[in-house]
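Have a look at the structure below, then the notes.
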Amino acid sequence: MTTPLIMRVMASGLSIAEKAGEVIREIMLKGDLNVVDKGQKNYDPQTEADRKCQQMIIGSLSNHFKNLRIIGEEGEEDVSKIPKDLIVEQFDTKFLEQYKCPEAFTDIAENDLVVWIDPLDGTNEFVEGLIENVTVLIGIAYREASIGGIIHQPFFKCSTTNKMGRTIWGLKELGTGGYVRKSPPENKFIVTTTRSHSNEIVKATIEAIKADQVLRVGGCGFKVLQLLEGKAHCYVFASPGCKKWDTCACEAILEQDGGTLTDINGKHYNYGPNVEYPNKQGVLATAKGIDHDALIEKIPQSTKDSLGTKK
Ligand SMILES: Nc1ncnc2c1ncn2[C@@H]1O[C@H](COP(=O)(O)O)[C@@H](O)[C@H]1OP(=O)(O)O
Ligand SMILES: [Mg+2]
Ligand SMILES: [Mg+2]
Ligand SMILES: [Mg+2]
């Protein structure tokens with residue numbers, strides 16, 4: 001029997017994400033990030049690593065899965081022009097040996113899926129040398145919902161082996177892997193939020209939550225890792241700045257872990273092939289066991305009004 005598509009996409013994505021991590025570390029070591037500002041109104045950096053990893057991920061997935069719809073942060077790619085040395089052919093065989101495809105996903109075809117790619121999340125922090133915040137995000141959507149995700153953290157150093165980089169994954173109805181889940185402390189309430197994309201509404205919303213501690217770090221992927229590992233209870237970003245490629249992988253992993261990721265009104269985003277890229281109603285994520293609805297209640301009406309109602 002052939003291996004179901006979703007398992008092959010996951011296994012290919014796991015291998016590609018590891019290689020993308022190597023590319024990011026190499027470029028960082030070389031020292032020239034070759035930064036371009038792609039922002040219209042505000043500074044929005046893109047580095048050599050964002051560009052090269054996007055080519056690697058899209059080129060490699062397209063090589064195996066010709067009809068897969070892939071949407072990447074850095075725009076359209078002409079697959080025929082992607083250098084051959086960026087193509088990753090491997091599948092993570094350990095993943096394929098260890099896990100069986102969930103019954104619900106055995107018959108998925110390539111054109112039922114949309115893959116959302118953020119080749120480097122936390123670019124601002126990468127440019128500033130806050131490398132722990134950097135992740136590679138590969139999210140898989142089926143019938144408009146996020147069902148699978150991979151978060152690779154290239155600058156994570158394993159304390160026992162000293163190996164650089166780790167890969168966290170989640171697939172609906174199958175499970176998660178690559179990290180040890182931890183609950184956040186019970187004696188205080190910690191919120192994590194943006195360090196580089198704040199504004200008056202973002203600030204007012206954080207104030208209204210009245211957290212005991214506010215962590216300000218970069219990247220959507222890194223903040224969701226904080227929720228998985230008990231560093232924070234919730235992630236609040238009352239801004240349209242995050243896009244579908246930031247949240248797709250994160251949502252699948254966090255929700256498979258028992259948490260929740262929605263907009264600030266508690267609605268899940270649609271990750272279908274024709275949706276707009278910005279998450280216009282912001283991002284609200286809670287770790288397993290945290291009352292998501294109670295957090296929504298704490299968001300000021302003025303914030304909800306300013307981010308508009310969902311179309
Ligand atoms: N205003 C914005 N403009 C561009 N990207 C944004 C903006 N706000 C958030 N993002 C993206 O969402 C991620 C999470 O936001 P933050 O780090 O501020 O919490 C950022 O790392 C960035 O992704 P990327 O680094 O992939 O461009
Ligand atoms: Mg991003
Ligand atoms: Mg990015
Ligand atoms: Mg970017």
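Positions are given from 1, in the same order as the sequence printed here. Just so it is clear, the structure is predicted and the values come from calculations on it, not from any experiment. When a ligand or atom number is given, it counts from 1 through the structure's own listing order.
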Looking only at protein heavy atoms, what sits closest to atom 14 (C) of ligand 1 is C220 N, 3.5 Å
Per-atom filter on ligand 1: closer than 4.0 angstrom to a heavy atom of C242 are 9 (C), 12 (O), 14 (C)
- Query: Is there a chain of hydrophobic side chains (I, L, V, M, F, W, Y, each step under 4.5 Å between heavy atoms) that links I201 to I264?
  - Reply: no
A student checking ligand 1 against D44 at a 4.0 Å heavy-atom cut-off should list atoms 4 (C)
Interatomic distance, CZ@F222 vs CZ@F155, rounded to 0.5 Å, equals 13.0 Å
From the list K38, R51, K243, salt bridge (charged side-chain N to carboxylate O under 4.0 Å, His left out) partner of E74 resolves to K38
The atom of E73 among N, O or S that is nearest the Mg ion (ligand 3) is OE1
Looking at E125, Q40, H197, the heavy atom closest to atom 8 (N) of ligand 1 belongs to H197
Counting from 1 in the order shown, the ligand 1 atoms closer than 4.0 Å to a non-hydrogen atom of D118 are 26 (O)
A student checking ligand 1 against T123 at a 4.0 Å heavy-atom cut-off should list atoms 25 (O)
Is the closest side-chain heavy-atom distance between V115 and R69 below 4.5 Å? no
With only distance considered, is D121 within less than 3.5 Å of ligand 1 through an N or O on each side? yes
Step by step, work out the salt bridge (charged side-chain N to carboxylate O under 4.0 Å, His left out) result for E229 and R166.
CA-CA 14 Å; E229 298 188 311; R166 63 168 173 170; 2.7 Å; yes
G219 to ligand 1: N or O pair under 3.5 Å? yes
Task: Within one Ile-Leu-Val-Met-Phe-Trp-Tyr cluster: L254 and Y269, side-chain cutoff 4.5 Å - done: no
Margin query: Within the structure, is a non-hydrogen atom of K243 found at a distance of less than 4.0 Å from ligand 1?
Written below: yes
- So, is D118 placed with an N/O/S atom under 2.8 Å from the Mg ion (ligand 3), counting both backbone and side chain? yes
Only one of I147, I140, I6 passes side-chain contact (heavy atoms from CB on, under 4.5 Å) with K172, and that residue is I147
Among non-hydrogen protein atoms, atom 6 (C) of ligand 1 lies closest to G241 O, 3.3 Å
Near G218 (heavy-atom distance under 4.0 Å), the atoms of ligand 1 are 17 (O)
Counting heavy atoms under 4.0 Å, the part of F237 that contacts ligand 1 is side chain
For the Mg ion (ligand 3), decide whether G122 has an N, O or S atom at a distance under 2.8 Å. no
Next item on the list: Would you confirm whether the ring centroid of Y99 sits within less than 6.0 angstrom of the ring centroid of W169?
Entry: yes
Minimal heavy-atom distance between T3 and R8, with the atoms involved, is O-NE, 2.9 Å
- Item | Polar atom proximity, G122 to ligand 1 (N or O, under 3.5 Å) | yes
Paired with K19, the side-chain contact (heavy atoms from CB on, under 4.5 Å) test is passed by just one of L86, V88, V136, namely V88
Of all protein heavy atoms, the one nearest atom 27 (O) of ligand 1 is E73 OE2, 3.1 Å
Tested for side-chain contact (heavy atoms from CB on, under 4.5 Å) against M10, the lone hit among I150, L5, D92 is I150
What do you reckon, does L120 have a nitrogen or oxygen under 3.5 Å from a nitrogen or oxygen of ligand 1? yes
If you measure from each heavy atom of D246 to ligand 1, is any distance below 4.0 Å?
-> yes
- Item | Nitrogen or oxygen of T194 less than 3.5 angstrom from that of ligand 1 | yes
Using distance alone, decide if ligand 1 has a nitrogen or oxygen within less than 3.5 Å of any nitrogen or oxygen in R195.
no
message = Can you confirm whether the side chains of T167 and E18 place a donor and an acceptor under 3.5 Å from each other?
response = yes
Practice problem: Please say whether K223 places an N or O atom under 3.5 Å from an N or O atom belonging to ligand 1. | Solution: yes
From the list I16, L137, I70, side-chain contact (heavy atoms from CB on, under 4.5 Å) with I117 holds only for I70
